[in-house]
Amino acid sequence: MLRTVNRVLLALAGLVLLCVGGGVLAAATGPSVPSWWPWYGKHDVLLSDADRERWRGEGWWWPTVIAVLAVLVVLALWWLLAQFRRARLSEVLVDSGDGEGALLRGRALEGVLADEAGALDGVARAHVTLTGKRSAPAARVRMQMEAHAAPGEALDRLGDEVLAHARDSAGMARLPAEVRLKAVRHRAPRVS
């Protein structure tokens, strides 16, 4: 989701800059702009003195400006902090039986899950990402299925074998998973 927000924000910023820059450029190049255009000629300014001082005397102006700027600052800080938040787990808490537990590297468990899922019949490639809390992880599994694969069988084996093996090995009571299947692109077989 963060990737989508970043792309939307960049697209909006680019669109605004392109429109404003294009408008200023169109007004500066000649008198062939429509009558409703905000700038008319080469010597016109973006904001005149009257436009800049229009609302200063109103009582609602400064509280509104401060509120809008505060909201923009809060949104900018949220966006900045979201850039540093990790979407994947760096470690998983494993029940070692002594009451304290042990830490397992998240990448190691992801690698094992991906290898086992990739070895299933009909699966070309698998990618696993662990999310959630370290005491209660969840898996996001993306599997690319070959043309001859049976998706239902692959899902059953993933749950019954791969995820069950990971739960048992790590001593977890449950390991919820979100699985996305995608077909591998292949050429149609030739018939002669």
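Keep in mind it's a predicted model, so treat the numbers as computed, not measured.
- With a 4.5 Å cut-off on side-chain heavy atoms, Glu178 and Arg180 count as touching.
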Go through it in stages, so that I can follow the logic: the residues are Val68 and Leu72, the test is side chain to side chain contact (heavy atoms under 4.5 Å, CB included), and I'd like the CA-CA distance, side-chain angles, deciding distance and then a yes or no. CA-CA 6 Å; Val68 168; Leu72 288 176; 4.2 Å; yes
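- Minimum heavy-atom separation, Met145 to Ala154: CE-CB, 3.4 Å.
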Listing, residues 113-124 side-chain donor-acceptor contacts under 3.5 Å, not counting sequence neighbours, or none:
residue	atom	partner	partner atom	Å
Glu116	OE1	His165	ND1	3.4
Glu116	OE2	His165	ND1	2.8

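- Criterion: ILVMFWY side-chain heavy atoms under 4.5 Å apart, direct or through other members. Under it, Leu175 and Leu93 are not part of a common hydrophobic cluster.
- Distance NZ/Lys182 to CD/Gln144: 6.0 Å, rounded to 0.5 Å.
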Let me have the donor-acceptor pairs involving side chains of residues 102-111, under 3.5 Å, with sequence neighbours excluded, atom names and distances please.
residue	atom	partner	partner atom	Å
Glu110	OE1	Arg88	NH2	3.3
Glu110	OE2	Leu130	N	2.9

Donor-acceptor contacts, no H, no angles, side chain residues 54-64, under 3.5 Å, sequence neighbours left out:
residue	atom	partner	partner atom	Å
Thr64	OG1	Trp60	O	2.7

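- Distance CD/Glu91 to CZ/Arg134: 5.0 Å, rounded to 0.5 Å.
- Note: Leu80 CG to Leu75 CG = 12.5 Å, rounded to the nearest 0.5 Å.
- Here the straight-line distance linking atom CG of Leu10 with atom CG of Leu15 works out to 12.5 Å at 0.5 Å rounding.
- Closest non-hydrogen pair, Ala170 versus Val94, comes out as O-CG1, 3.0 Å.
- Nearest approach of Pro137 to Ser135, heavy atoms of both residues: CD-C, 3.7 Å.
- Of all heavy-atom pairs between Met143 and Ala126, the closest is CG-CB, 4.1 Å.
- A distance of 12.0 Å separates CG in Leu181 from CZ in Arg142, rounded to the nearest 0.5 Å.
- Met172 is not connected to Val112 by any chain of hydrophobic side-chain contacts under 4.5 Å among Ile, Leu, Val, Met, Phe, Trp and Tyr, and they are in different clusters.
- Note: the hydrophobic cluster containing Trp78 also contains Leu9 (ILVMFWY, side chain heavy atoms under 4.5 Å, direct or indirect links).
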